[in-house]
**Student:** 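This structure is in structure tokens; I'll ask about it shortly.
Quick note on labels: first sequence line is chain A, next is B, and so on, each numbered from 1.
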Protein chains: 2
Amino acid sequence: MRRAELKILRKLPLFCDMNQRHFDRLMKSALLQWFPAHTELIRERELPDYLHILVDGMVELFATRGGQSATIDILQPITAFIIAAVVRDELYLNGARTLTPARILLIQANTIRSVFSEDAVFARAVVSELATRYRAVIQVLKNDRIGNSTDRVLNWIAREDIRQHRKGSIQIPFDKRILASYLGMRPENLSRAFQTLRRHGIIVHGKTLLIKDRKSFRRLVRPSVLFANN
Amino acid sequence: MRRAELKILRKLPLFCDMNQRHFDRLMKSALLQWFPAHTELIRERELPDYLHILVDGMVELFATRGGQSATIDILQPITAFIIAAVVRDELYLNGARTLTPARILLIQANTIRSVFSEDAVFARAVVSELATRYRAVIQVLKNDRIGNSTDRVLNWIAREDIRQHRKGSIQIPFDKRILASYLGMRPENLSRAFQTLRRHGIIVHGKTLLIKDRKSFRRLVRPSVLFANN
DNA sequence: CGACTCTTTGAACTACCTCAAATGTGGTGG
DNA sequence: CCACCACATTTGAGGTAGTTCAAAGAGTCG
């Protein structure tokens, strides 16, 4: 790994506060690698060899059963994934594939586990990361079970609006069919949800969303849960 | 807290391997308390004062929004809950209420965080617990998004069958309406799902389920994901 | 331009929900 | 122990959100 890359990695929340010697140990066992788009990184039901940390690009977590597939989460940098499986040394519950070309840091699983035992600061960072992942899934599950598909789209817009600094225009960072899958619906339905929202002042042009009237937008979103979106 | 209770608690996976002095510190700040059924233990959007560990009874995690409510998980002993919020010192994403009278160990949140930093063994146990919780939610989400309501019931039966040691008869450990909510459906629909399953050799008598033909049951469940059910 | 894939639109279908009523069940006090 | 009540479950009928299938329109990239 290059010196410049190491310097950047060292600044990640997962590593920034930890002991230098432990960091070096992690990195000695690590690979930083580009993968092309649509690469299967992880297959369900296998045992973890490496902790994966997404550094560039986008990755989809998905679950399959009997030919059907469902999106669990869509990850953007910087995010460690499959932490739970690595920590417990258990089978992956979901697969992972790149949506775009992606640069991923791979750290040997048993090195993680061993450094984890010795470095409390690192341990805390790992837990924090895992907790974040947990809370993200809870949010998704909550959205799935409460409210209809249009609500889910509206919620996603509201969260994405914050993430993109409330510019009033939002870029959908991937294909609409991916967004649909993430929101647990069909592309057709996402399209129809956007139609519905247009009547409430949200205009869709390709991958750009425009919030025409922020006041009525806020009123629309109010009933939705919007705290703790990280 | 009584000496006998402490002895039992000491044996829990979360505490069994940790340093005695740290254990004592945790317990000095802890309360072991019975709560009546249907007590609200935790309210969404509040900050955690205590880590909760369910020792006896059952607890429901739920989310609400605009009057609607959805079950996130149903906990049985021994399970620590709201770990993610405690670790990150962030708002609860879901509420928790007792389903039955329940005995709960409350440990001060900041004591948890401080012992966590000093005791690597405890840290690992916390992560392990959190990872388990994470994986449980992933399973639920997966079930929600893949397959219909009858599939979800079937899957639940299969998992519960294992948990109850494949005796061939299964006790539903709570009201059917709770099960329905846990599986993200209406009680009416659960009832109809049981009807459907009866045609496949699963007989329902009150809270008792009988698997009449294990061979055909296995065939039925096969297409479902059933690995890693913990 | 032309061959893709993605997105939108329409129409028919289906699973699930809602509402309402009947039936079953457990607990309580007489 | 029984009668009764409250509440859980089941059954039925009708409505609705979302799916599926098919085809047309838009982007995108060689």
**Student:** CG of A:Asp151 versus P of D:dA17: gap in Å, rounded?
**Tutor:**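 Roughly 11 Å, once rounded to whole Å.
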**Student:** Between atom CZ of A:Phe62 and atom NZ of B:Lys142, what is the distance when rounded to the nearest 0.5 Å?
**Tutor:**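 With rounding to 0.5 Å, CZ (A:Phe62) is 10.0 Å from NZ (B:Lys142).
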**Student:** Provide, to the nearest angstrom, the distance between the CG atom belonging to A:Asp175 and the P atom belonging to C:dC4.
**Tutor:**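 Rounded to whole Å, this separation is 18 Å.
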**Student:** Can you measure A:His205 atom NE2 to D:dA26 atom P for me and round it to whole angstrom units?
**Tutor:**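 Value for this atom pair: 13 Å.
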**Student:** Let me know the distance between NZ of A:Lys176 and C1' of C:dT5, rounded to the nearest Å.
**Tutor:**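 So the two atoms are 14 Å apart, to the nearest Å.
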**Student:** How close or far is atom P of D:dC7 from atom CZ of B:Arg177, stated in whole angstroms?
**Tutor:**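 So the two atoms are 10 Å apart, to the nearest Å.
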**Student:** Passes side-chain contact (heavy atoms from CB on, under 4.5 Å), B:Glu5 versus B:Leu105? Steps please.
**Tutor:** CA-CA 10 Å; B:Glu5 290 168 344; B:Leu105 179 67; over 6 Å; no
**Student:** Tell me if a side-chain donor or acceptor on A:Thr100 pairs with a main-chain N or O of A:Met58 at a distance below 3.5 Å.
**Tutor:**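 Yes, A:Thr100 side chain to A:Met58 backbone: donor-acceptor pair under 3.5 Å.
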**Student:** Please determine whether a side-chain nitrogen or oxygen atom of B:Lys207 lies at a distance below 4.0 Å from atom OP1 or OP2 of D:dT9.
**Tutor:**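 No, B:Lys207 has no side-chain N/O under 4.0 Å of OP1/OP2 on D:dT9.
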**Student:** Roughly how many Å is it from CG in A:Asn148 to C1' in C:dC16, rounded to a whole number?
**Tutor:**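 From A:Asn148 CG to C:dC16 C1': 14 Å.
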**Student:** To the nearest 0.5 Å, how far apart are CZ in A:Arg88 and CD in B:Glu129?
**Tutor:**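 One finds 8.5 Å between CZ of A:Arg88 and CD of B:Glu129.
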**Student:** Return the value, rounded to whole Å, for the distance between atom NE2 of B:His38 and atom P of D:dA6.
**Tutor:**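 Spelled out: NE2 on B:His38 to P on D:dA6 is 17 Å.
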**Student:** List in numerical order all residues of residues 183-201 of chain B for which some heavy atom is under 4.0 Å away from an atom belonging to DNA chain D.
**Tutor:**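 Contacting residues: B:Glu188, B:Ser191, B:Arg192, B:Gln195.
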**Student:** For A:Leu179 and C:dC6, give me the distance from atom CG to atom P, rounded to whole Å.
**Tutor:**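 Between P of C:dC6 and CG of A:Leu179: 15 Å.
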**Student:** When you measure from the side chain of A:Arg145 to the backbone N and O of B:Ala70, does any donor-acceptor pair fall under 3.5 Å?
**Tutor:**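 Side chain of A:Arg145 to backbone of B:Ala70: no pair is present.
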**Student:** Measure the spacing between CG of B:Leu91 and CD of B:Glu44 and express it to the nearest 0.5 Å.
**Tutor:**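 Reported to 0.5 Å precision, the distance equals 10.5 Å.
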